[in-house]
Undergrad: 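Can you read through this structure? Questions will come right after.
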Amino acid sequence: MRLLSTRVLADALGVSESSLKRWVDSGRISASRTEGGHRRIPLSEAIRFIRDTRAPISRPELLDLQEVAVARSRGEDRLASYVRDGDSVAARGWLIARYLEGATIAELADGPIREAMVGLGELWYHDQRGIFIEHRGTDVCLQAVAQLRGMIPTVPATAPVALGGAPPGDPYLVPTQLAAMVVAEAGMTPVNLGPDTPVDAFARAVDEHQPKLVWISISAELASANACAISNWLETVPATTAIVIGGTQSRVLSNLPVRAVRATSMGDLASVAGSLVKGKGAS
Ligand code: B12
């Protein structure tokens, strides 16, 4: 993890170095000291401070966030424009800028990311280039989401595990990746099995990881045998494990354990994960 001097962070935020030193000394920003006594701030701590205080960034490149400056220079106000146009640098910058302004992963997923992907799906009907734009846009979205994933604070090794993925026959990468990030932001250790996961693989992974939460993301029209196999397996998941089912085609699972939560958004998943993490702290 990169360590920033007070000078660099002050310049990035457009404040004086003396203000920054004061914030470190009063504990608003955590820092270590070099042997020579100079304050050093981990980049992750700088990001936490920026998000918590909504501090504007005047020179993002000083924090290795050149793409934020690129998105600003392009000037679009919607992520969807960059995803549609295949502009991966600006898409990354746009998303990171919103995250630094304090948006949560769930808010970004349920808002601009969903909107951008729905837009890609609509192109099919209006534009002959729809399919290539859809494939290109999905990759742009995945790149942006992956970079954002790297900015989520690392959870402690003792954090409870949340495990999930998409069932067999479901090729969709983005929703289950976002679910992994949402649980990570809530303080859980994510284990994402990704798209097209055999039911047997879910079962083995649950045995091995003993998760506190299982999420299933269903975006494709599943063959009824696969839907049935998932429902039957969910009945065998230990009663101490929370289950959250989401995705545009999730209603295909008609028989679910009573405790399973049918979620309509990543915000719902964030609430369940957050309550499990809080519950652990209280016990
Ligand atoms: C990208 C994409 C593809 C890519 C997927 C690439 C990949 N590997 O990921 C590819 C090219 C493979 C593809 C294929 C097909 N696709 Co497609 N695809 C899309 C598209 C554009 C985006 C999907 C996406 O990633 N969305 C982003 C996520 C974040 O949004 P979301 O799914 O809405 O999820 C939100 C919530 O549902 C919820 N959520 C989702 N999962 C979970 C999980 C949990 C636990 C929780 C709590 C919440 C939650 O939170 C999310 C954020 O709010 C959609 C358009 C759309 N409207 O979604 C079409 C779309 C889904 N596809 C469609 C179609 C028709 C197809 C094909 C049949 C095309 C074809 N003729 O081959 C195939 C079918 C593939 C299959 N096996 O099922 C249609 C589906 C129509 C329908 N059934 O209603 C859509 C709606 C496009 C359209 N408007 O026509 N597709």
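Whatever order the structure lists them in is the order used to number ligands and atoms, beginning at 1.
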Undergrad: Counting each atom of ligand 1 from 1 as listed, which ones have a heavy atom of Leu178 under 4.0 Å away?
TA: 29 (C)
Undergrad: Nearest protein heavy atom to atom 67 (C) of ligand 1, by residue and atom, and its distance?
TA: Trp124 CH2, 4.3 Å
Undergrad: Salt bridge check, Glu115 against Arg78: does any charged N sit closer than 4.0 Å to a carboxylate O?
TA: yes
Undergrad: Would you indicate which of Leu222, Thr138, Val244 comes nearest to atom 1 (C) of ligand 1 when only heavy atoms are counted?
TA: Thr138
Undergrad: Atoms of ligand 1 less than 4.0 Å from Val174 heavy atoms?
TA: 25 (O)
Undergrad: Suppose I only count heavy atoms of Gln249 and a 4.0 Å limit; which atoms of ligand 1 are within that range?
TA: 83 (N), 84 (O)
Undergrad: Between Leu4 and Leu20, is there a shared hydrophobic cluster once you connect ILVMFWY residues whose side-chain heavy atoms come closer than 4.5 Å?
TA: yes
Undergrad: Between Ala162, Gly247, Gly169, flag the one that comes closest to atom 37 (O) of ligand 1 by a heavy atom.
TA: Gly247
Undergrad: How about Glu61: does its CD atom have over 12 heavy atoms from other parts shown lying under 6.0 Å from it?
TA: yes
Undergrad: What I want to know is whether Glu134 and ligand 1 share at least one N or O pair that is separated by under 3.5 angstrom.
TA: yes
Undergrad: Does the protein put a heavy atom under 4.0 Å from atom 25 (O) of ligand 1?
TA: yes
Undergrad: Would Pro175 count as being in polar contact with ligand 1, using the rule that some N or O on each side must be under 3.5 angstrom apart?
TA: no
Undergrad: Using a distance threshold of 4.0 Å (strictly less than), state whether atom 76 (C) of ligand 1 has a protein heavy-atom neighbour.
TA: yes
Undergrad: Is there a polar contact, in the sense of an N or O pair closer than 3.5 Å, between Leu173 and ligand 1?
TA: yes
Undergrad: At less than 4.0 angstrom from any non-hydrogen atom of Ala263, what atoms of ligand 1 do you find?
TA: 47 (C)
Undergrad: Would you check if the side chain of Arg92 reaches a backbone N or O of Leu65 as a donor-acceptor pair within less than 3.5 Å?
TA: no
Undergrad: Taking the basic N atoms (NZ, or NE/NH1/NH2) and the acidic carboxylate oxygens, is any pair closer than 4.0 Å for Asp64 and Arg59?
TA: no
Undergrad: Would you say Ser219 has any N or O atom under 3.5 Å from an N or O of ligand 1, going by distance alone?
TA: no
Undergrad: Starting from atom 8 (N) of ligand 1, find the nearest protein heavy-atom neighbour and note its residue, name and distance.
TA: Pro171 O, 2.9 Å
Undergrad: Suppose we measure from atom 51 (C) of ligand 1 to each protein heavy atom; which comes out shortest, and what is that distance?
TA: Met266 CE, 4.0 Å
Undergrad: Can you pull out the closest protein heavy atom to atom 90 (O) of ligand 1? Residue, atom name and distance to 0.1 Å, please.
TA: Tyr125 OH, 2.7 Å
Undergrad: For Asn232, look at atom CG and say whether over 12 heavy atoms of other residues, nucleotides or ligands are found less than 6.0 Å away.
TA: yes
Undergrad: Is ligand 1 less than 4.0 angstrom away from at least one heavy atom of Val118?
TA: yes
Undergrad: Strictly distance-based, threshold 3.5 Å: is any side-chain N or O of Arg54 a donor or acceptor partner for the main-chain N or O of Glu101?
TA: yes
Undergrad: Is there a protein heavy atom less than 4.0 Å away from atom 85 (C) of ligand 1?
TA: no
Undergrad: Answer yes or no: does atom CZ of Arg204 have more than 12 heavy-atom neighbours from other residues, nucleotides or ligands under 6.0 Å?
TA: no
Undergrad: Just to be sure I read this right, does ligand 1 sit under 4.0 Å from the backbone of Ser265, its side chain, both, or neither, counting only heavy atoms?
TA: backbone
Undergrad: Tell me whether Arg114 has any N or O atom under 3.5 angstrom from an N or O of ligand 1.
TA: yes
Undergrad: Taking the six-membered ring of Tyr99 (Phe, Tyr or Trp), confirm whether the NZ or CZ of Arg51 is under 6.0 Å from its centre and within 45° of its axis.
TA: yes
Undergrad: So, is Asp110 polar-close to ligand 1, with some N/O to N/O distance under 3.5 Å?
TA: yes
Undergrad: Checking Ser58 side chain against Gly14 main chain: does a donor-acceptor pair fall under 3.5 Å?
TA: yes
Undergrad: Check each of Ile113, Thr104, Asp110 against Met266 using the side chain to side chain contact (heavy atoms under 4.5 Å, CB included) test, and report the only one that passes.
TA: Asp110
Undergrad: For Ser217, is at least one N or O under 3.5 Å away from an N or O on ligand 1?
TA: yes
Undergrad: Is it true that Lys21 and Asp25 make a salt bridge, defined as a side-chain N closer than 4.0 Å to a carboxylate O?
TA: no
Undergrad: Which atoms of ligand 1 sit under 4.0 Å from any heavy atom of Leu269?
TA: 47 (C)
Undergrad: Counting non-hydrogen protein atoms only, what is the nearest one to atom 46 (C) of ligand 1? Give residue, atom name and distance.
TA: Gly246 CA, 3.6 Å
Undergrad: For atom 80 (C) of ligand 1, is some protein heavy-atom partner under 4.0 Å away?
TA: no
Undergrad: Nearest to atom 55 (C) of ligand 1, what protein heavy atom do you find, and at what distance?
TA: Met117 O, 3.6 Å
Undergrad: Hey, can you tell me if Phe202 and Trp233 have their rings parallel, tilted or perpendicular (30° and 60° cut-offs)?
TA: parallel
Undergrad: Going hydrophobic residue to hydrophobic residue with side-chain gaps under 4.5 angstrom, can you get from Val206 over to Leu213?
TA: no
Undergrad: Applying the side chain to side chain contact (heavy atoms under 4.5 Å, CB included) test to Asp139, which of Gln143, Arg136, His135 qualifies?
TA: Gln143
Undergrad: Which heavy atom of the protein is the closest neighbour of atom 11 (C) of ligand 1, given with residue, atom name and distance?
TA: His135 NE2, 3.3 Å
Undergrad: Give a yes or no on whether the backbone of Phe49 and the side-chain of Thr53 come within a donor-acceptor separation of less than 3.5 Å.
TA: yes
Undergrad: Taking 4.0 angstrom as the limit, do Asp268 and Arg262 come out as a salt bridge?
TA: no
Undergrad: Report yes or no: does Asp196 contribute a side-chain atom to a donor-acceptor pair with the main-chain N or O of Gly169 at less than 3.5 Å?
TA: yes
Undergrad: Indicate, as side chain, backbone, both or neither, the part of Ile216 found under 4.0 angstrom from ligand 1 when only non-hydrogen atoms are considered.
TA: backbone
Undergrad: I'd like the name of whichever of Leu120, Ile243, Thr264 reaches closest to atom 38 (C) of ligand 1 through any heavy atom.
TA: Thr264
Undergrad: Would you verify that at least one protein heavy atom lies under 4.0 Å from atom 71 (N) of ligand 1, or report that none does?
TA: yes
Undergrad: Look at atom 62 (N) of ligand 1 and say which protein heavy atom is nearest, naming residue and atom and giving the distance to 0.1 Å.
TA: Tyr172 OH, 3.1 Å
